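As structure tokens, the structure follows; a few thoughts come after it.
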Amino acid sequence: MLIMYAGCVAVPLVLGTVLKLETHTIALIVNADLLVAGIATVIQSVGLTRFFGIRMPVVAGASFTFLTPMMLVGSEYGMPTMYGSMIAAGVFGILIARPFSKVLRFFPTLVTGCVITIIGLSLVKVSADLITGSDPQAPDYASVRYILLAFAVVVIIVLANRLFTGFLRNISVLFGLAIGTVIAAIMGITDFSSVAGAKWFGFSTPLHFGAPEFRLVPILAMCVAMVVVFCEMTACVLAIGDAVGKRVTDKDMARGLATDGLSAVLAGFMNSVPDSTFGQNVGLISLTKVSSRYVITVTGVLLMIMGAIPKLGEVVASLPGPVIGGAGLVMFAMTGAVGIQMLQRVDFTGNQNLLIVAVSLGLGMLPVAVPGIYQNFNQDTQFILGSAVTVTVLAAFLLNLLFNHLLVRAGTPVPQAPEAPGAAEAPGTAATAADGTA
């Protein structure tokens, strides 16, 4: 629970800060996400009918993949549209779960590696804004003490990773957040005044931001993110299957994917963010040798209990921006590093894979490097092209389809499912095919 907690609260914190939501509202989203993550975790481990739940030790938590489209939709169209798009993407995920489990060969490591890399790289700017402040006209913008505080959080996380092992190393981000907040309090830049007025027990009201609104372009952006999440989840589940000695069937995978879709639907109604399988869970099972899905069920229940404590959410929502930015910098950059690690396993010999990576990442970084590059296009086009993740997914998928499927040379191996991200130690690694698939 502690290892998953940092990831569960990081996405709502960053989302709320970027959208300039009030502290109380951010706390509401934090609690809602813990609740939905707990529900999704229990469903994945125990199962719900024959359609949901992979019945394996799978922990669900807030997905960074959805963060960029949520920020874009929320800032451009408003919260009701953001949650409406989330609900629609969840329904889309439930409907395509079974078919998707059979077409994974079109989303090999080459594609998923590009996407995960761009997710990490594009979110580094978000961390920078949290550290410096988002208003360049503010008198304390890019304050030296804010930057030093963020660097201190980074140093704490690095030292925790270097000095500790096992469980303590896995909660290094929590160490950074906790100690960084203490330092911020000493510096006089914390404000926990809202905590006193928060309740000890309660749940957020469904559809807190109003009735969901449905717009085509934001829905498409969320659906693209759902496809990426499905790729990530598939890779993680295959690695967990190896770790626990279970063969994952297409039906198992379909139930797990459908649960990710269900979590997005629940998130849309409960003012949360979509949840997906946590990659850290793969390493945790290997580390502890505990593979019982009922241990994970208890973890889900504990997350639900934490989601029912508004005062705790208010404490998390009151963390200073530089502290969140410093921790986020490490987490987002680590996501990018995992993507690079995946791309290292791709075969770049005698094919166009290097060109696919270059074009996909180049197009994806354009709106990150120059946010106003598409300002002369209409709003919907700006929204699509302005999303680094969406552009990279489309470019990598289409170029891989063109060069490694439609124009494939005779004798090239048939692509298979993608590798698990960051799971180089997972057993059963095979040779790479032309498009970088294990």
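Just so it is clear, the model here is predicted, and its values are computed rather than measured. Counting begins at 1 with the first residue of the sequence.
Taking the side chain as every heavy atom from C-beta outward, Arg255 and Leu48 never approach each other to under 4.5 Å. Inter-residue side-chain proximity for Phe51 and Thr259 is flagged as unmet; no heavy-atom pair is nearer than 4.5 Å. Looking at heavy atoms from C-beta onward, Met56 lies in side-chain contact with Val248 at the 4.5 angstrom threshold.
The distance from the CG atom of Asn400 to the CZ atom of Phe106 is 9.0 Å, given to the nearest 0.5 Å. Rounding to the nearest 0.5 Å places CE of Met226 at 11.0 Å from CE of Met233. Summarising the geometry, atom CD1 belonging to Ile43 is positioned 10.5 Å from atom CZ belonging to Arg55; distances are rounded to the nearest 0.5 Å. Note: Thr41 OG1 to Leu34 CG = 10.5 Å, rounded to the nearest 0.5 Å. Rounding to the nearest 0.5 Å places OH of Tyr77 at 4.0 Å from CG of Asp380. Atoms CG and OG1, on Leu123 and Thr65 in that order, are 9.0 Å from each other to the nearest 0.5 Å.
Side-chain contact check for Asp33 and Asn271: no donor-acceptor pair (N or O, by modelled atom type) lies under 3.5 Å. Checked by atom type, the side-chain pair Ser45/Thr297 shows a donor-acceptor distance below 3.5 Å. Side-chain contact, Asp260 with Ser263: no donor N or O sits under 3.5 Å from an acceptor N or O.
The number of heavy atoms from other shown groups lying within 6.0 Å of CZ (Phe151) does not exceed 12. Around NE2 of His208, the count of heavy atoms belonging to other residues, nucleotides or ligands within 6.0 Å exceeds 12.
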### Task
Tell me, with the steps shown, if His24 and Glu314 meet side-chain contact (heavy atoms from CB on, under 4.5 Å).
CA-CA 6 Å; His24 174 71; Glu314 204 75 39; 3.7 Å; yes
### Task
Give the C-alpha distance, both sets of side-chain angles, the deciding distance and a yes or no for side-chain contact (heavy atoms from CB on, under 4.5 Å) between Phe66 and Ser276.
CA-CA 10 Å; Phe66 280 103; Ser276 181; 5.9 Å; no
### Task
Could you check Val228 against Thr112 for side-chain contact (heavy atoms from CB on, under 4.5 Å), going step by step and ending with a plain yes or no?
CA-CA 7 Å; Val228 176; Thr112 54; over 6 Å; no
### Message
Applying side-chain contact (heavy atoms from CB on, under 4.5 Å) to Leu15 and Met82, what does each step give before you reach the verdict?
### Response
CA-CA 12 Å; Leu15 176 67; Met82 186 187 82; 4.2 Å; yes
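Panel note: side chain Ser272, backbone Gly268; no donor-acceptor pair is recorded below 3.5 Å. A donor-acceptor contact shorter than 3.5 Å is absent between the side chain of Ser387 and the backbone of Ile384. In this structure, Thr392 contributes its side chain and Leu361 its backbone to no donor-acceptor pair below 3.5 Å. Without hydrogens or angle criteria, Ser360 side chain to Ile356 main chain gives a donor-acceptor distance under 3.5 Å.
Here Tyr374 pairs with Phe377 under the ring pair (Phe, Tyr, Trp, His ring centres under 6.0 Å) rule; sequence neighbours left out.
By the 30° and 60° cut-offs, the orientation of the rings of Phe175 relative to Phe164 is tilted.
Put simply, the residue from Asn353, Asp347, Leu399 that forms a side-chain contact (heavy atoms from CB on, under 4.5 Å) with Leu110 is Asn353. Among the candidates Val111, Thr117, Leu343, the single residue satisfying the side-chain contact (heavy atoms from CB on, under 4.5 Å) test with Val357 is Leu343.
Two rings, from Tyr83 and Phe209, have their centers less than 6.0 Å apart.
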